Amino acid sequence: TPAHCWFFCRRGMIAAKRTRAPDIVLRSTPTFFDSAHVVRFRSVAREQLMVAKLKAGQIQLDVTTKVTLAVLALASGVYTYLGVRGLLSGTTTVVFFGAVIYSVAVSVGIYAFWSYLMRFLPHTDNARSAFMLYVAMAIGSLMIIAMSSWLNAAALAGSAALEQHMANATEVYQERLDKAHSNALAAQSLLPDIKLASKRFASLAQQERASGALTGTSGSGTVVQLLTQMSTELDGLAEQVAASRDDVKRLFDQGGRHLARMRALISNTGPIDARANSFGEEALKLIGQIGALQQTSVAPYVNRVAEDLGNSFIAPIADGRDASLQARQSAVVGRVEQAVRTQSRALSRAADEILERDPVVPPRFQPLSPPEAVLLYARDFLPSWAGAISIDLLPAVLIMIMTVVEGQIRRDGGVDVDAEAMSAADMMRAVHLFRQIDREFGERRQGDAAGPSAAARNVAHLNVPKSQHGEQAGD
């Protein structure tokens, strides 16, 4: 544009002044430019200054960019090595070399990928080509996440993820142990009813023996023997229920100790693999304790005894001295049989309610590798995922910055010449451009139409004879 040509010419005159040529007489700024041109020229000068600073920044940061990219690729490779090592199986040598080869390939691939994009994407001014490069960058970023970022996250948060897995398993086992303990102790709730029924039968037997409260005749006859027998059977059942409480307590305490060791393994320091193996062993023992707790429940025994009381009741023969006493004894025995069957049905229903509870099925502990744990508990470790992905995709931000800077340079850097290094040849080119401006856009002052323009007279003094200033022109 004319503005650019004027700027070129002006800088050419500055360079000519630095050559100290005696025949060159510098004139003031061409007089045919009005105030609008001056404003435009100043704007162009500011743009050129900004472009020069941007290009100088590009040159200064070129090494920094390469070093940054290399360091990021190396860091990604190191964390990839730490992550992939937990996935490989085999001897120590096989695991080591397999992890090293994979991590080196990842580092080289990441460095090459971002180097290609840094070299080409900022300098592409075609919209279609730039779009295709951005698509390639998106596809490559997804591939980097697939082959490296999740392994980086495993290296950063693998141990914490495994500890989270073990902590969750501990909570599940604690819940199942408590439920099994509750089911085992549920039969203890029948103990008061059993003791109450036994005490009632024993009390009736004592009253009948002492005063004949049931038959009207005191003494130890058929009724007393029957009531005593029912009380004895219920006392035996109560003893069995009470004795089971000690077994339940012992098994529950053992399960609690296993849980305490499991929690200690979670909070301890040391290699996570060894801790996870020990945790699995403790979990297996705890599963056995939970199963034993379910076997110690006396609810099935109470149910069987209660059914036997009602179904296998055998009424004794009345042994009274006379027919009247025998009749009374038979009537009392009938009422006792009815009471025994009622008590039997009540105990049987209570035992059935306990047996209808869902059995406790403790889950099997599923061992995981650190990468698997990181994937399973990804939501709990979002900061680690963000850091792992940022290590691999940070160069994308650098590329965007470089693209913006390069676009600004392309828009405002139409004439990019350093005045400090301008040669005489550059100056002559500026003069030629100035003459083109004069012929095409110059507006002559009034009265100068017949003669040479003031601008042309100013430029006439810029013609340097070769004989006197050959060295300057050669420079």
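Remember, it's a predicted structure, so these values are computed and weren't measured experimentally.
When side chains are defined from C-beta on, V108 does not count as touching Y111, because their heavy atoms never get closer than 4.5 Å. Looking at heavy atoms from C-beta onward, M166 lies out of side-chain contact with L265 at the 4.5 angstrom threshold. For the pair L121/M118, no side-chain contact is recorded, criterion being any heavy-atom separation below 4.5 Å from C-beta on. Considering only heavy atoms from C-beta on, L393 comes within 4.5 Å of I145 through its side chain. For the pair L293/L177, a side-chain contact is recorded, criterion being any heavy-atom separation below 4.5 Å from C-beta on. Side-chain contact between L286 and P362: absent, with no pair of heavy atoms (C-beta onward) separated by less than 4.5 Å. Annotation: side chain of I287 is in contact with side chain of Y173 (closest heavy-atom distance under 4.5 Å). In this structure, S115 and L69 have side chains that are in contact, with non-hydrogen atoms separated by less than 4.5 Å.
With Q294 contributing its side chain and P359 its backbone, the two residues share no donor-acceptor pair below 3.5 Å. S129 places no side-chain N or O within 3.5 Å of a backbone atom of D125 that could act as its donor or acceptor partner. Checking side-chain atoms of S141 against main-chain N and O of M137 turns up a donor-acceptor pair under 3.5 Å. Using a distance-only test at 3.5 Å, with no hydrogens or angles considered, no donor-acceptor pair links the side chain of H165 to the main chain of Y377. A donor-acceptor pair is defined here as one N or O able to donate and one able to accept, closer than 3.5 Å; such a pair exists between the side chain of R176 and the backbone of V361. Listed for the W150 side chain is no donor-acceptor partner under 3.5 Å among the backbone atoms of G83. Without hydrogens or angle criteria, S107 side chain to A73 main chain gives a donor-acceptor distance under 3.5 Å. Remark: side-chain polar atoms of R261 are not paired, donor with acceptor, to backbone N or O of E282 under 3.5 angstrom. Remark: the backbone N or O of L185 is not paired with any side-chain donor or acceptor of R245 at under 3.5 angstrom.
When each of R250, R257, K249 is paired with D253, the side-chain hydrogen bond (donor to acceptor under 3.5 Å, both in side chains) condition holds for K249 and for no other.
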Could you walk me through whether L87 and L151 satisfy the side chain to side chain contact (heavy atoms under 4.5 Å, CB included) test, starting with their C-alpha distance in whole Å, then the side-chain angles of each, then the deciding distance to 0.1 Å, before giving a yes or no?
CA-CA 10 Å; L87 293 176; L151 294 173; 3.8 Å; yes

Yes or no on side chain to side chain contact (heavy atoms under 4.5 Å, CB included) for I110 and S148, after CA distance, side-chain angles and deciding distance?
CA-CA 9 Å; I110 291 176; S148 174; 4.2 Å; yes

Walk me through whether I272 and R275 qualify under side chain to side chain contact (heavy atoms under 4.5 Å, CB included).
CA-CA 5 Å; I272 189 62; R275 287 190 287 151; 3.4 Å; yes

Pair Q58-D62, side-chain hydrogen bond (donor to acceptor under 3.5 Å, both in side chains): steps then yes or no:
CA-CA 6 Å; Q58 281 183 325; D62 183 60; over 6 Å; no

Could you walk me through whether V94 and L88 pass the side chain to side chain contact (heavy atoms under 4.5 Å, CB included) check?
CA-CA 8 Å; V94 171; L88 300 178; over 6 Å; no

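Distance check: D246 CG to L251 CG gives 11.0 Å after rounding to the nearest 0.5 Å.
Remark: E281 engages no residue in a side chain to side chain donor-acceptor pair (under 3.5 Å) (not counting sequence neighbours). For Q174, the side chain to side chain donor-acceptor pair (under 3.5 Å) partners two or more places apart in sequence, or in a different chain, are D178, R263.
For Y79, the OH atom sits in a loose shell: 12 or fewer heavy atoms of surrounding residues, nucleotides or ligands are nearer than 6.0 Å.
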Which pairs would a plain distance check flag for residues 397-405, meaning a side-chain donor or acceptor within less than 3.5 Å of a matching protein atom at least two apart in sequence or in another chain?
{"residue": "T403", "atom": "OG1", "partner": "I399", "partner atom": "O", "Å": "2.8"}

